[in-house]
Structures are given as structure tokens and as C-alpha cells.
Amino acid sequence: MTGVPAADRGWLAFPDGFVWGTATAAYQVEGAADENGRGPSIWDVFCRTPGKVARGETGDVACDHYHRVEADLDLMASLGLPSYRFSVAWPRVLPDGTGAVNQRGIDFYRRLVDGLLERGITPLPTLYHWDLPQALQERGGWANRESAQWFADYATVVAGALGDVVGTFMTLNEPWCVAFLGHATGVLAPGFTDDALALQVVHHLNLAHGLGSAAIRAAAPSAQVSLALNVAQVYPASDDPGDADAARHADGLANRIFLDPILRGAYPADVVADTEPWCDWSFVLPDDLATIGVGVDVLGVNYYTPSRVVGPASAGAASLDDAPAGRWTERAGARPVAWPGTRLAWTVPQPGPFTDMGWRIEPSSFTDLLTRLSRDYPGVPMMVTENGCAFGDGPGADGRVHDNRRIAYLQDHLAAVHAAIAAGADVRGYYLWSFLDNFEWSLGYDKRFGLVHVDYDSLVRTPKDSASWYSDVVRANGLLG
Ligand code: FCB
């Protein structure tokens with residue numbers, strides 16, 4: 001780890017066949033929001049709703065990746081990045097969400113996948129990274145049970161078009177964010193604030209994973225199926241039993257509410273019991289858990305930062321009725337914040353160091369998370385499908401981007417993944433978020449996660465120092481710990 005004297009540092013070799021890559025998502029990088037038949041998504045609408053996105057920014061242009069895809073893939077190849085996780089924009093493929101297929105949308109992703117393969121880069125597409133067609137939102141969006149079938153029909157189209165050349169499809173990215181940040185705290189599209197609705201959306205997303213997995217397997221029988229969960233590492237803030245119970249509760253709502261139905265075929269009893277005061281779970285129909293419990297071939301794990309929580313008593317929740325609902329940017333704030341979708345657990349401020357997101361940097365919690373998953377869900381291989389950090393470094397006088405804080409973050413987090421593997425966790429790959437600086441949702445363009453800097457006026461790309469550092473790690477399949 002950084003800070004360790006060189007003499008005490010050892011070589012951390014990753015397993016043979018470990019997959020290295022970078023990740024992006026369609027709305028965050030593509031731009032071309034109104035071109036070649038793409039329909040509007042909930043993010044186009046959300047960005048135009050006053051007060052929802054910093055400085056009123058939108059993904060209309062973003063990194064203009066849609067028009068610069070060949071040059072971006074050349075850059076990726078020149079950096080020696082072996083795999084690329086991207087997402088398919090549902091509204092490019094099905095502008096109305098269901099029904100007529102937009103062939104120009106399919107053609108774009110076919111060109112992208114073929115372009116990757118020509119350069120020896122393995123494609124890893126995610127079908128849903130938050131850009132629901134607006135036409136489907138107008139039919140109720142994820143709150144409508146039919147959404148699971150809409151998603152499966154869309155999955156059939158994409159797997160049919162790309163299944164001959166794609167080895168693994170990911171169904172959903174971070175359904176927790178979709179359900180709770182999109183429907184309970186409202187900081188992501190579509191921006192609702194209804195705790196009961198968020199639970200109904202959780203269930204429909206789980207159903208979408210189940211029906212979507214079956215659709216992928218039918219259309220592309222040799223493909224593997226995965227999904228990416230932002231599994232939260234939640235610690236109690238103290239030894240107080242109330243805080244321990246809050247951590248159990250938050251872990252249930254954040255993690256086990258997805259992991260258990262998908263990997264074990266049942267919702268956790270404690271989550272159902274805890275939430276019964278505001279949700280009757282009548283949306284779960286008799287055969288649903290059999291549909292959902294199809295598992296995954298490999299579990300995608302997105303990790304950035306841990307949380308620490310207290311129970312309502314320590315939070316003084318009785319006097320905090322006006323407290324802000326939890327949102328991801330407020331973790332560094334001064335007062336307890338309600339965990340999204342509940343008032344039974346409260347996140348408390350943590351000490352730094354922080355990234356530009358205000359997210360505490362704590363690599364050991366990444367090791368804890370991966371070892372916990374491997375203990376609680378044995379036999380499920382994992383891939384890190386996102387990890388990275390926002391730091392605002394830009395080109396200096398020498399024209400280069402000296403993002404040493406990113407290198408330090410990556411160094412320590414890769415060492416943490418290595419430690420989990422050494423402890424027996426079956427982790428098969430690592431995708432760094434992100435290839436390019438991009439549109440960071442409600443926070444707009446000033447949170448820079450890229451290995452490659454993007455100048456949003458000229459759209460010029462400048463690989464940061466971390467890009468050559470990461471190339472070296474990838475080439476060596478290891479790093480100095
Ligand atoms: C994740 C999202 C990704 C990006 C990173 C920083 O929650 O999946 O799109 O915004 O956070």
C-alpha cells in the first residue's frame with residue numbers, strides 16, 4: 001500500500017485470466033441525444049427539470065462518444081485495456097420502449113462491439129444503466145409491474161443482435177440507485193419521493209432481472225448473465241445495540257433485498273418485517289420468486305465507499321423529522337441523514353480522507369465487502385464492475401494531468417481486492433470507473449472519474465498519469481503492494 005516503505009512492499013500478482021477493464025454508461029458519455037432515431041429517456045426529462053441537475057447540465061453532448069467512438073476505441077487499445085464495460089441505451093434501440101426496433105440504434109452498438117473485438121478488447125454490455133425510455137415512464141415506469149416484461153422484450157432484441165459476439169450480458173446496473181435514489185429520495189430520475197413505491201420498484205427490478213436473464217439465455221444460449229449491484233458496506237457507528245440493529249436494517253434494504261431473492265430465491269424475513277409499517281408487499285405474486293431466483297453466472301460488484309449508521313435513538317430522530325433524506329453527496333455532511341427509503345437507520349458523518357464526491361476513502365472496507373459476499377453467498381464468482389474516484393485534476397503547464405491522488409486510490413483499492421482474493425474470495429475481474437471523465441448524473445460534469453481527461457469545450461481527450469499507471473498494472477497483471 002502507498003505509505004509503506006519500499007523495503008516492506010511486495011509484488012501483488014493477480015490470478016491468471018483475471019480480466020482488467022474500464023467502464024462507462026451510455027447517457028454519461030454518448031451525447032447525440034436526439035440523433036438517428038433515439039427516443040427521449042427519463043434522464044433527458046430530469047435534466048430539463050429545474051433544480052434537479054447541477055448548473056442545469058444535461059447529457060445532450062456529454063463526451064460525444066457516439067460520434068468519436070472509433071478514436072475512443074483506438075485510445076483504449078493504445079492504453080492496452082483488455083475489456084470494456086459499456087451500456088446500451090434502451091431508447092436508442094426501442095425509442096418508444098416497446099414495439100418498433102430502431103435499426104440505427106442496433107447498428108451503433110454492433111459497430112461498437114465489432115470495433116472492440118477488432119482491437120482485441122472484450123465487450124461487456126449492460127442493458128440498463130438508468131436511461132428508461134420516457135414513453136415507458138409515461139406508462140408508470142418501474143412502478144408498473146409490466147416493466148419487467150418490457151425489459152425482457154428489450155433484452156431479447158439486444159441479445160439477438162449481439163449474442164453471437166458477446167460472451168456476457170449484464171442486466172441491470174445498481175437497481176438500488178434506481179429504486180431508492182430514483183423513487184425514495186428523488187435525487188435520480190424519475191425523481192419520486194415515496195418509500196413504499198421504492199420497495200415496489202425493487203421488486204419489479206428483481207423481476208426484470210429474472211425475466212431478462214431468461215430472455216438473454218433464450219436468444220443467446222452460450223452467453224453468461226450478470227448484474228451489477230452497488231453492494232453497500234455498512235458498519236454500525238458504535239457498539240450500541242441500536243446502532244448494530246440499524247446496520248442490519250440498512251444492509252437488508254441496500255444489499256440483501258437484491259442478493260437474497262436473486263441468489264437464494266427469497267426476500268429476507270427481517271426486511272419484510274421491518275418495512276411492513278409502510279409497505280404490505282402485496283406486489284409479490286406467488287411465482288415471482290421462482291422467476292427471480294435464477295441467480296447469475298457472475299456477480300458484478302460496484303464499490304466506492306463504506307457507510308456508518310446509527311439507530312433512531314442515537315440519531316435523535318424524533319427531533320429530526322425535518323432531516324434531509326439520505327443522498328449520496330451528503331455523507332460528508334454535519335448531521336445524521338436518513339438512510340434512503342427508511343427512518344430506522346441514519347448515516348453519520350465520517351472522517352476523511354474524501355474524494356471530490358465527499359466519499360470517505362477506506363480500502364479495507366472493500367476487502368471486508370468482498371470477503372463477506374464470498375462467505376454469505378458461496379459459489380458465486382464475482383467481478384468488480386465499478387471502482388474509482390473523482391478528483392478534479394486537469395492538464396498542467398506541461399500539458400499532462402498529474403492525478404496522483406487517483407493513482408494512490410487505485411493502488412490501495414487494488415491491494416484491497418488482492419487481499420480479498422488471498423483470503424479466498426473468487427474475484428475474476430476489475431473494471432475501473434471510468435474510462436473517460438463524464439456526466440456524473442445529478443452532479444453534472446465537475447466530478448471527474450476518468451483515466452482520460454475530457455475538455456468539455458473542445459472535447460479533447462488527454463490520458464491522465466493514472467492511465468499509464470493502470471496500463472502498467474494491466475500488462476503486468478499485478479502491482480507492487
Ligand atoms: C455509480 C454509477 C455510475 C457512476 C458512479 C460514480 O453509482 O453506476 O454510473 O455514476 O457511481
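Here the structure is a predicted model, which is why all the values come from computation and not from measurement. Start at 1 and go down the list; that is how both ligands and their atoms are numbered.
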*Contact atoms of ligand 1, heavy-atom distance to Q28 under 4.0 Å*: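 Selected atoms, number and element: 3 (C), 4 (C), 9 (O), 10 (O).
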*Go through ligand 1 atom by atom and flag the ones less than 4.0 Å from a non-hydrogen atom of H129.*
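In order of number, 2 (C), 3 (C), 8 (O), 9 (O).
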*Can you list the residues that meet the salt bridge (Lys or Arg N to Asp or Glu O under 4.0 Å) rule with R372, with sequence neighbours excluded?*
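If we apply the salt bridge (Lys or Arg N to Asp or Glu O under 4.0 Å) test to R372, skipping adjacent residues, the hits are D251, D376.
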*ligand 1 and W130, any nitrogen or oxygen pair closer than 3.5 angstrom?*
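For ligand 1, there is no N or O atom that lies under 3.5 Å from one belonging to W130.
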*Flag N302 as yes when one of its N or O atoms lies below 3.5 Å from any N or O atom of ligand 1, and as no otherwise.*
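N302 vs ligand 1: no N/O contact under 3.5 Å.
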*Would you check, one step at a time, whether the test salt bridge (Lys or Arg N to Asp or Glu O under 4.0 Å) holds for D64 with R68?*
CA-CA 6 Å; D64 197 34; R68 293 162 196 255; 2.9 Å; yes
_Per-residue contact class, K447 against ligand 1 - non-hydrogen pairs under 4.0 Å_ =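 No part of K447 is near ligand 1 at this cut-off.
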*Quick one: does ligand 1 sit under 4.0 Å from the side chain of M357, the backbone, both or neither, non-hydrogen atoms only?*
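Within the 4.0 Å criterion, M357 makes no contact with ligand 1.
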*asked:* On a heavy-atom basis, I'd like to know which of W441, W359, F449, Y304 is closest to atom 5 (C) of ligand 1.
replied: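 Shortest heavy-atom distance from atom 5 (C) of ligand 1: Y304.
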*Sequence-distant partners of A148, side chain to side chain contact (heavy atoms under 4.5 Å, CB included), two or more places apart*: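 For A148, the residues satisfying side chain to side chain contact (heavy atoms under 4.5 Å, CB included) (neighbours in sequence not counted) are L207, A208, L211.
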_With a 4.0 Å cut-off on heavy atoms, is N173 in contact with ligand 1?_
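N173 counts as a contact of ligand 1 under the 4.0 Å cut-off.
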*Hey, does H402 have a side-chain heavy atom less than 4.5 Å from the side chain of D393?*
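Not in contact.
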*Are any non-hydrogen side-chain atoms of R217 and V225 less than 4.5 angstrom apart?*
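Heavy-atom side-chain distance check passes, below 4.5 Å.
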*Are R55 and Y445 in a cation-pi setup, meaning NZ or CZ lies under 6.0 angstrom from the ring centre and within 45 degrees of the ring axis?*
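Ring-cation test returns no.
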